[in-house]
Amino acid sequence: MARKAEEPLEYLGGRKRLSATELEFMKMIWEHPEGISSEVIYEHFPQARGTKSTILYNISEKGYVENRQKGRHHFYTALVTQAEYEKALIRQQLTQTFGNSSFERLVAAFCGKQELTEKQIRKIQNLLKELEDDVEDQ
């Protein structure tokens, strides 16, 4: 049976979703925001060297990392943060489940309502803005 094609993550510019193995490699790359060499990555995973190279190549082709070559080694730097990736996954799931990724619609559904009043929506928007500002200040 053919595998169902995954929908691209529209909230990450249409990038393809990472496989479970690619995600494990990305977690290591995310732990090194300054960049990490292929040799260091190779030391931490059990797959054959060629398989590890293919996984890193796929991650790069999907647009999640920048790949620079220095001598015999490749250095990988994340182009997408872990938070951005997780947020895109959540938004995609909300869109598939609720038909719209609107936070207000999610809150309304969570409260058992069809929709919120304008006053309730403003309160939620103010709360979200406050939370965003707190994150930026950290």
Side-chain angles (χ1 to χ4, degrees):
M1 179 189 293
R3 209 170 119 184
K4 182 183 173 188
E6 285 203 27
E7 291 183 36
L9 296 172
E10 66 181 83
Y11 301 104
L12 280 178
R15 286 179 175 92
K16 291 182 180 178
R17 188 180 197 149
L18 295 169
S19 72
T21 304
E22 291 167 347
L23 183 58
E24 290 304 311
F25 277 63
M26 272 307 297
K27 286 179 181 177
M28 175 168 255
I29 294 168
W30 283 322
E31 290 174 4
H32 298 85
E34 71 287 350
I36 184 171
S37 77
S38 54
E39 290 304 310
V40 173
I41 295 171
Y42 290 168
E43 292 172 3
H44 286 85
F45 292 97
Q47 295 89 345
R49 187 176 185 91
T51 302
K52 292 183 260 197
S53 292
T54 300
I55 292 166
L56 289 168
Y57 173 80
N58 290 341
I59 292 169
S60 180
E61 284 297 300
K62 289 180 178 182
Y64 288 97
V65 294
E66 176 186 29
N67 175 6
R68 297 178 322 278
Q69 187 167 357
K70 290 185 182 175
R72 294 178 36 196
H73 303 289
H74 290 263
F75 285 82
Y76 296 90
T77 307
L79 296 174
V80 174
T81 67
Q82 187 169 4
E84 290 169 331
Y85 182 72
E86 291 170 354
K87 182 178 175 181
L89 289 177
I90 290 167
R91 290 185 76 177
Q92 186 97 359
Q93 185 64 43
L94 287 174
T95 300
Q96 291 170 346
T97 303
F98 294 103
N100 186 334
S101 63
S102 162
F103 186 72
E104 293 86 2
R105 291 185 121 206
L106 174 64
V107 172
F110 184 74
C111 296
K113 297 181 174 193
Q114 288 287 14
E115 55 187 64
L116 299 174
T117 66
E118 284 299 317
K119 182 178 179 183
Q120 291 168 328
I121 290 172
R122 279 194 305 279
K123 283 183 178 180
I124 290 170
Q125 289 171 337
N126 289 338
L127 175 61
L128 290 174
K129 177 71 174 127
E130 185 179 316
L131 291 171
E132 267 181 31
D133 291 345
D134 284 350
V135 169
E136 291 172 4
D137 291 341
Q138 291 179 359

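This chain uses plain numbering: 1 for the first residue, then up along the sequence.
Remark: E115 engages no residue in a salt bridge (charged side-chain N to carboxylate O under 4.0 Å, His left out) (not counting sequence neighbours).
Between atom CD of residue Q82 and atom CG of residue L23 there is a gap of 7.5 Å, rounded to the nearest 0.5 Å. Between atom CG of residue N126 and atom CG of residue L131 there is a gap of 11.0 Å, rounded to the nearest 0.5 Å. Atom CG of L56 is separated from atom CE of M26 by 10.0 Å, given to the nearest 0.5 angstrom. Rounding to the nearest 0.5 Å gives a distance of 11.0 Å between CG of L116 and NZ of K123. Taking CZ of R122 as the reference point, atom OG1 of T117 lies at 7.5 Å (rounded to 0.5 Å). Note that CD of E24 is 10.5 Å distant from CD1 of I55, once rounded to the nearest 0.5 Å.
With E86 contributing its side chain and T81 its backbone, the two residues share no donor-acceptor pair below 3.5 Å. Judged purely by atom type and a 3.5 angstrom limit, E43 has no side-chain atom pairing as donor or acceptor with the backbone of F45.
For the pair R49 and E39, the salt-bridge criterion is met [side-chain N within less than 4.0 Å of a carboxylate O].
For the residue pair T21 and Q47, the shortest heavy atom distance occurs at CG2-NE2, 3.7 Å. Considering all non-hydrogen atoms of both residues, V65 and I29 come closest at CG1-CD1, 3.9 Å. The nearest pair of heavy atoms linking P33 to T77 is O-CG2, 3.8 Å. Looking at every heavy atom in both residues, G14 comes nearest to P8 through O-CB, 3.2 Å. Contact detail for L9 and R17: the closest heavy-atom pair is CD1-CA, 4.1 Å.
Hydrophobic clustering places M28 together with L18 (ILVMFWY residues linked when any side-chain heavy atoms are closer than 4.5 Å, directly or through intermediates). With hydrophobic clusters built from ILVMFWY side chains whose heavy atoms lie under 4.5 angstrom apart, Y64 shares a cluster with L89. Following chains of ILVMFWY side-chain contacts shorter than 4.5 Å, one cannot reach W30 starting from F75, and the two form parts of different hydrophobic clusters.
Of the listed residues (K62, K16, K27), just one forms a side-chain hydrogen bond (donor to acceptor under 3.5 Å, both in side chains) with E22, and that residue is K62.
Between the side chains of Y42 and S53, at least one donor-acceptor pair of N or O atoms lies under 3.5 Å.
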*Evaluate side-chain contact (heavy atoms from CB on, under 4.5 Å) for Q120 paired with K113, printing each intermediate quantity in order.*
CA-CA 12 Å; Q120 291 168 328; K113 297 181 174 193; 3.2 Å; yes
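For Y76 and F25, the ring centers sit 6.0 Å or farther from each other.
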